[in-house]
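Note that these values count all heavy atoms, side chains included, but never hydrogens, waters or copies made by symmetry. Atoms within a ligand are numbered from 1 in the order they appear, just like the ligands themselves.
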Amino acid sequence: VEASIPEPLREAWRKHSATEFTTKDEFEKDLVRHIETTLARSLYNCDELAAYSGTALAFRDRLIIEWNKTQQRQTFTDQKRVYYLSLEFLMGRTLDNAMLNVGLKDVARDGLSDLGFRVEDVINQEHDAALGNGGLGRLAACFLDSMATLNYPAWGYGLRYRYGIFKQEIVNGYQVEIPDYWLDNNPWEFPRHEITVDIQFYGNVKKYQDENGRISHSWEDGEIVQAVAYDVPIPGYGTKTTNNLRLWSSKASSGEFDFQKFNAGDYESAVADQQRAETISAVLYPNDNLERGKELRLKQQYFWCAASLFDIVRRFKKTKRAWGEFPDQIAIQLNDTHPTLAIVELQRILIDKEGLEWDEAWSVVTKTFGYTNHTVLPEALEKWSVPLMQNLLPRHLQIIYEINLFFLQSVEKRFPNDRDILSRVSIIEESHPKMVRMAYLAIIGSHKVNGVAELHSDLLKTTLFKDFVKIYGPDRFTNVTNGITPRRWLHQANPRLSALIAEKLGSYDFLKDLTLLDKIEAFVDDKAFREEWAVIKRENKLRLAKHIKATTGFDVNPNALFDVQVKRIHEYKRQQLNIFGVIHRYLSIKAMSAEEKKKVVPRVSIFGGKAAPGYWMAKTIIHLINKVADVVNKDPEIGDLLKVIFIADYNVSKAEIICPASDISEHISTAGTEGSGTSNMKFVLNGGLIIGTCDGANIEITREIGEQNIFLFGNLAEDVEDLRHRHFYGDFKLDPQLERVFDAIKDNVFGDKADFSALISSIEEHGDYYLVSDDFNSYITTHEMVDEAFQNQEEWLAKSITSVARMGFFSMDRVTNEYADSIWNVEPLDVKD
Ligand code: RUG
């Protein structure tokens with residue numbers, strides 16, 4: 001049956017079509033209606049949570065009206081679309097962002113105030129949508145914001161995890177993980193129970209030959225799990241475009257449980273199938289930059305890729321275009337190797353289901369995909385065991401072997417005298433068991449591969465993917481340096497700074513074109529502007545101090561230098577270097593005379609971040625930070641000169657409080673290990689200075705803001721290999737200042753030394769892989785320079801203003817346009833009212 005209303009009857013519909021509130025009165029009307037009817041509350045039992053839900057529903061109505069129009073417009077114009085496949089979308093809170101993006105936060109503030117609520121308190125009721133681990137997931141969320149803002153026809157595809165990243169509590173100095181059930185009270189998703197896809201696992205492959213001798217393959221038997229779509233509207237800033245994020249949830253294909261078993265009293269096995277199916281989308285793997293090769297993870301990957309591809313192909317087929325036009329209509333971006341199976345799945349659909357010849361299909365596939373690599377760390381590079389894949393996805397493994405065969409044949413032809421190259425570039429690693437190298441498959445199946453910062457992309461070309469550059473030429477490999485959305489990371493997180501900038505520039509246009517920030521450099525000597533700038537930083541520090549007091553019980557002095565390192569805890573990110581530096585500072589202060597102490601610049605060292613539950617060394621680092629905090633914060637000889645704070649459960653909404661409040665932040669990974677880093681950009685955009693190594697995007701930040709405005713230290717990437725060699729051959733002497741720090745730990749100053757022995761021996765005895773000792777002296781000296789610079793507040797302020805003015809390059813909009821031009825070849829869709 002045709003689903004659309006016949007033309008002659010559409011008038012009735014149009015007359016009653018939903019409308020959007022724009023005034024305070026209209027907002028209040030929607031709010032009260034939702035609280036009374038949707039939530040079944042009254043004016044006698046409307047608390048802040050109900051006010052939040054009502055407000056969210058009122059804004060959701062607006063979003064979905066625009067969402068509908070955007071989707072109709074996109075379908076009607078039939079332009080090329082981009083599909084962003086990411087296993088992680090670290091969205092954070094939605095309400096504040098939605099209010100600001102549609103330009104109605106003031107209306108909501110006034111309306112809520114009429115009913116006795118403060119908009120800030122209402123916003124604070126929202127639970128973060130934390131479907132990601134760190135930078136990779138947050139980058140995906142920034143992409144969605146920018147793609148909508150720039151009017152690109154774009155969809156995100158991900159998994160609707162029932163549990164997001166765990167909540168972190170600190171108990172006796174140790175990290176404890178608490179499940180994050182975030183779906184209660186989530187008004188932002190629309191279940192689409194009618195949009196389902198059956199996903200197959202296991203089974204076997206049968207080969208058939210027709211009367212013309214044509215061979216075909218059929219994947220049979222096995223088990224079926226159903227994917228159900230949930231849609232999340234993504235509003236752009238200052239535009240009508242509202243894009244879609246489609247998240248898949250897993251469900252047993254038979255729907256409910258087996259009634260025969262149930263009626264026979266076999267309750268457990270009756271629900272077992274259902275539970276097994278629902279497990280697929282139950283939980284986000286809590287690893288950042290680390291792959292563990294678990295079957296359930298591979299199931300998640302295939303489940304999500306297959307559902308998304310089915311959806312994309314279904315939409316394409318409705319246009320009745322020829323398959324050759326598929327890449328003209330569709331660009332699919334792979335966020336890391338996690339969605340690489342999408343390449344194989346599309347090839348499978350085209351040859352097994354749609355009857356295309358191999359070469360014709362493969363040409364469609366390779367023109368469609370782009371692959372973004374985010375890391376060179378070996379432990380993060382995905383490999384799947386061949387037996388595991390054989391069992392779970394037998395047909396896909398066959399196709400992977402076939403892709404590999406054709407690829408290796410072409411390599412052999414081009415490099416007939418180089419036997420080694422074949423084993424080096426083969427998708428299959430000849431180990432025991434054999435492994436499928438997902439990054440190689442992603443390169444071979446894509447037309448563009450990009451890294452996320454200049455240094456990182458160069459390292460990819462000269463090390464990890466060197467052979468592939470030789471095979472495909474340099475053009476397949478490119479760099480797109482990461483960015484951040486200024487809407488969330490300036491306007492939302494730091495409204496006063498955003499307002500000050502807008503006042504000087506005459507409008508908020510800089511939120512759509514961040515390069516306009518350069519105009520504020522003209523005010524660097526303007527006294528009133530500088531004063532206001534300083535007041536805003538102080539207010540932001542007070543806001544953070546209040547949060548610290550409420551969550552840790554510690555008082556921190558807002559005049560102290562706030563030194564922040566918040567990010568996932570990882571040895572390569574070197575929080576251990578930071579805490580050793582803090583211990584060094586502590587010991588130095590303790591050795592000072594009263595006179596000397598007067599010259600010390602007071603500091604608050606603030607840490608935050610989660611460790612993967614199975615990453616024992618990272619957990620040890622968290623433990624040490626908390627033990628050091630215990631001792632330092634209670635030491636009467638130290639007083640306000642040094643405080644150490646660990647902020648538990650670092651997440652997006654906490655980052656919004658923390659980033660605007662830093663004086664300095666730390667981005668101190670071993671050179672050559674961080675893909676890009678994006679929190680470095682968030683801190684600088686909020687007027688904080690940074691201390692960092694020559695790594696990831698720090699290098700480009702330096703180029704943009706000027707080296708006089710950043711504190712760089714440490715060895716360079718090009719020296720790392722040599723230094724590691726020297727450690728390996730015992731040609732190494734521990735830095736004497738670091739030795740003093742280790743001695744204190746070994747004297748049980750921070751609790752039982754045994755708790756930290758592995759951390760110390762990894763540096764003293766096991767090669768110091770992350771070069772903590774090699775960089776320690778330079779790190780300490782640079783911190784002394786930071787102290788000195790902070791004493792000259794006038795100059796510090798000038799550095800802060802100048803840096804913000806020069807941050808335009810790091811807008812996610814620049815990033816999105818670069819992907820659109822150089823990888824996706826998509827155009828924005830013109831939006832008129
Ligand atoms: O570690 C990288 C960051 O350097 C980068 O900024 C971010 C976004 O590109 O991605 C992070 N990343 C890399 N997260 N997971 C991986 C490897 O799977």
Novice: Say whether Gly677 and ligand 1 are in contact under the criterion: heavy-atom distance to a ligand atom below 4.0 Å.
Specialist: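 Per 4.0 Å heavy-atom rule, Gly677 contacts ligand 1.
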Novice: Do Thr372 and Asn450 pair up side chain to side chain, a donor and an acceptor below 3.5 Å, judged on atom types alone?
Specialist: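 Note: Thr372 and Asn450 side chains meet the donor-acceptor criterion.
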Novice: If only atom types and distance count, is the side chain of Arg568 paired as donor or acceptor with the main-chain N or O of Lys610 below 3.5 Å?
Specialist: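 Yes.
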Novice: Would you mind listing which atoms of ligand 1 come within a distance below 4.0 Å of any non-hydrogen atom of Gly675?
Specialist: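 Once the distances to Gly675 are compared, the set is 4 (O).
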Novice: When only distance counts, is Lys573 in polar contact with ligand 1, meaning an N/O pair under 3.5 Å?
Specialist: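 No.
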Novice: Within a distance under 4.0 Å of any heavy atom of Asp336, pick out the atoms of ligand 1 and give their elements.
Specialist: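 Every atom of ligand 1 under 4.0 Å from some heavy atom of Asp336: 16 (C), 17 (C), 18 (O).
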Novice: Aromatic rings Tyr819 and Trp824: how do their planes relate, parallel, tilted or perpendicular, breaks at 30° and 60°?
Specialist: tilted
Novice: Is Glu674 in polar range of ligand 1, meaning some N or O pair under 3.5 Å apart?
Specialist: yes
Novice: Evaluate Gly135 for polar contact with ligand 1, using N/O atom pairs at a separation under 3.5 Å.
Specialist: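 No; every N/O pair is 3.5 Å or more apart.
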Novice: Around atom 14 (N) of ligand 1, find the nearest protein heavy atom and jot down its residue, atom name and distance.
Specialist: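 Heavy-atom neighbour on the protein nearest atom 14 (N) of ligand 1: Leu136 CB, 3.4 Å.
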Novice: Among Phe468, Phe407, Tyr371, which residue meets the ring pair (Phe, Tyr, Trp, His ring centres under 6.0 Å) test with Tyr440?
Specialist: Phe468
Novice: Parallel, tilted or perpendicular for Tyr83 and Tyr157, by the 30°/60° rule?
Specialist: tilted
Novice: Side chains of Asp813 and Ser146: is there a donor and an acceptor less than 3.5 Å apart?
Specialist: yes
Novice: Out of Asn373, Asn289, Asn482, indicate the one that has the non-hydrogen atom closest to atom 16 (C) of ligand 1.
Specialist: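 Residue with the shortest heavy-atom distance to the ligand atom: Asn289.
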Novice: Taking the six-membered ring for Trp and the full ring for Phe, Tyr or His, determine whether the centres of Phe713 and His783 are under 6.0 Å apart.
Specialist: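 Phe713 vs His783: aromatic centres not under 6.0 Å.
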Novice: Can you list the atoms of ligand 1 that are under 4.0 Å from a heavy atom of Thr375?
Specialist: 17 (C)
Novice: Give the contacting part of Val452 toward ligand 1: side chain, backbone, both or neither, where contact means a heavy-atom distance below 4.0 Å.
Specialist: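 Side chain only.
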Novice: Got the closest protein heavy atom to atom 9 (O) of ligand 1, with its distance?
Specialist: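 Residue, atom and distance for the closest contact: His374 ND1, 2.6 Å.
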